[in-house]
Amino acid sequence: QVQLVESGGGLVQAGGSLRVSCVASGFISGISDMGWYRQAPGKQRELVATITSSGTTNYADSVKGRFTISRGSARNMVALQMNSLEPEDTAVYYCAAQIRNVNIWGQGTQVTVSS
């Protein structure tokens, strides 16, 4: 069993920066891709960014140029650096890990951007 734990969420003013991190524990050798998703109140969970085991990244258009996803060399950590934050970025951010083509989810961390 793999467990994902996010950290680093909080309250930040518009235009500021925040970094959220995710650490996987358990049977981590089965992890391939990792990524970040977010869910705002009343909306469906949406893709923010993904990164493959080889380092290929993909970003949602809404965060492209502002957010950067990175992965630790140990393959069990993924981070999301968020710059130029906007109130529209307010959401619960979830870490995800792909294991045997199935996504495993963390519990989420709240990110709130004030205007």
Side-chain angles (χ1 to χ4, degrees):
Q1 182 81 332
V2 173
Q3 293 182 325
L4 304 175
V5 179
E6 301 98 332
S7 63
L11 176 64
V12 64
Q13 292 184 337
S17 298
L18 203 63
R19 181 182 176 91
V20 291
S21 299
C22 172
V23 177
S25 62
F27 194 61
I28 61 175
S29 62
I31 298 175
S32 54
D33 298 352
M34 299 188 76
W36 288 93
Y37 293 71
R38 67 186 182 185
Q39 187 169 23
K43 297 184 178 180
Q44 292 189 334
R45 190 171 300 181
E46 65 174 350
L47 169 71
V48 177
T50 59
I51 182 167
T52 69
S53 58
S54 62
T56 301
T57 59
N58 183 52
Y59 297 92
D61 289 340
S62 59
V63 306
K64 198 170 298 181
R66 299 188 297 120
F67 291 9
T68 302
I69 189 171
S70 61
R71 193 167 179 176
S73 60
R75 297 184 70 253
N76 70 327
M77 191 278 288
V78 63
L80 185 70
Q81 178 67 43
M82 301 179 286
N83 298 327
S84 301
L85 282 162
E86 304 168 353
E88 300 77 57
D89 296 315
T90 296
V92 177
Y93 283 70
Y94 295 91
C95 176
Q98 189 174 43
I99 305 174
R100 300 175 183 175
N101 298 119
V102 175
N103 279 350
I104 305 299
W105 301 94
Q107 83 287 350
T109 185
Q110 177 70 48
V111 173
T112 302
V113 184
S114 64
S115 59

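In what follows, every heavy atom counts, from backbone to side chain, and hydrogens, waters and symmetry copies are set aside. Keep in mind that what you see is a predicted model, and the values were worked out from it rather than measured. In this chain, residues are counted from 1 in sequence order.
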Do you know the tightest heavy-atom contact between Ala40 and Ala91?
-> N-CB, 3.9 Å
Mind listing the closest non-hydrogen atom pair of Gly35 and Ile69 along with its distance?
-> CA-CD1, 4.0 Å
Flag yes if [X] and [Y] sit in one hydrophobic cluster, no otherwise; membership is Ile, Leu, Val, Met, Phe, Trp, Tyr, and two members link when side-chain heavy atoms are under 4.5 Å apart.
X	Y	value
Leu11	Leu85	no
Phe27	Ile104	yes
Ile99	Ile51	yes
Tyr37	Val113	no

Which residues pass the side-chain contact (heavy atoms from CB on, under 4.5 Å) test with [X], sequence neighbours left out?
X	value
Val20	Trp36, Leu80, Met82, Thr109, Val111
Val5	Gln107
Ala97	Leu4, Ile31, Met34

Would you say the side chain of Gln3 lies within less than 4.5 Å of the side chain of Val23, judging by non-hydrogen atoms?
-> no
Name all residues meeting the side-chain hydrogen bond (donor to acceptor under 3.5 Å, both in side chains) criterion together with [X]; count only those two or more places apart in sequence or in a different chain, and write none if there are none.
X	answer
Glu86	none
Asn101	none
Asp33	none
Ser54	Thr52

Roughly how far apart are Asn58 CG and Lys64 NZ, rounded to 0.5 Å?
-> 7.0 Å
CE on Met77 to CD1 on Ile28, rounded to 0.5 Å = 12.0 Å
Quick note, ring-ring contact (aromatic ring centres under 6.0 Å, His included) partners involving residues 53-103, not counting sequence neighbours, are none
Tell me, which pairs form a salt bridge (Lys or Arg N to Asp or Glu O under 4.0 Å) where one or both residues lie in residues 93-115, sequence neighbours left out?
-> none
May I have all residue pairs that pass side chain to side chain donor-acceptor pair (under 3.5 Å) and include part of residues 8-31, sequence neighbours excluded?
-> Ser17-Asn83
Could you note down all residue pairs passing disulfide bond (SG atoms under 2.5 Å apart) where residues 3-97 supplies at least one of them, sequence neighbours left out?
-> Cys22-Cys95
When the side chains of residues 41-49 are checked against the rest of the protein, which donor-acceptor pairs come out under 3.5 Å, sequence neighbours left out?
{"residue": "Glu46", "atom": "OE2", "partner": "Arg38", "partner atom": "NE", "Å": "2.8"}
{"residue": "Glu46", "atom": "OE2", "partner": "Arg38", "partner atom": "NH2", "Å": "3.4"}

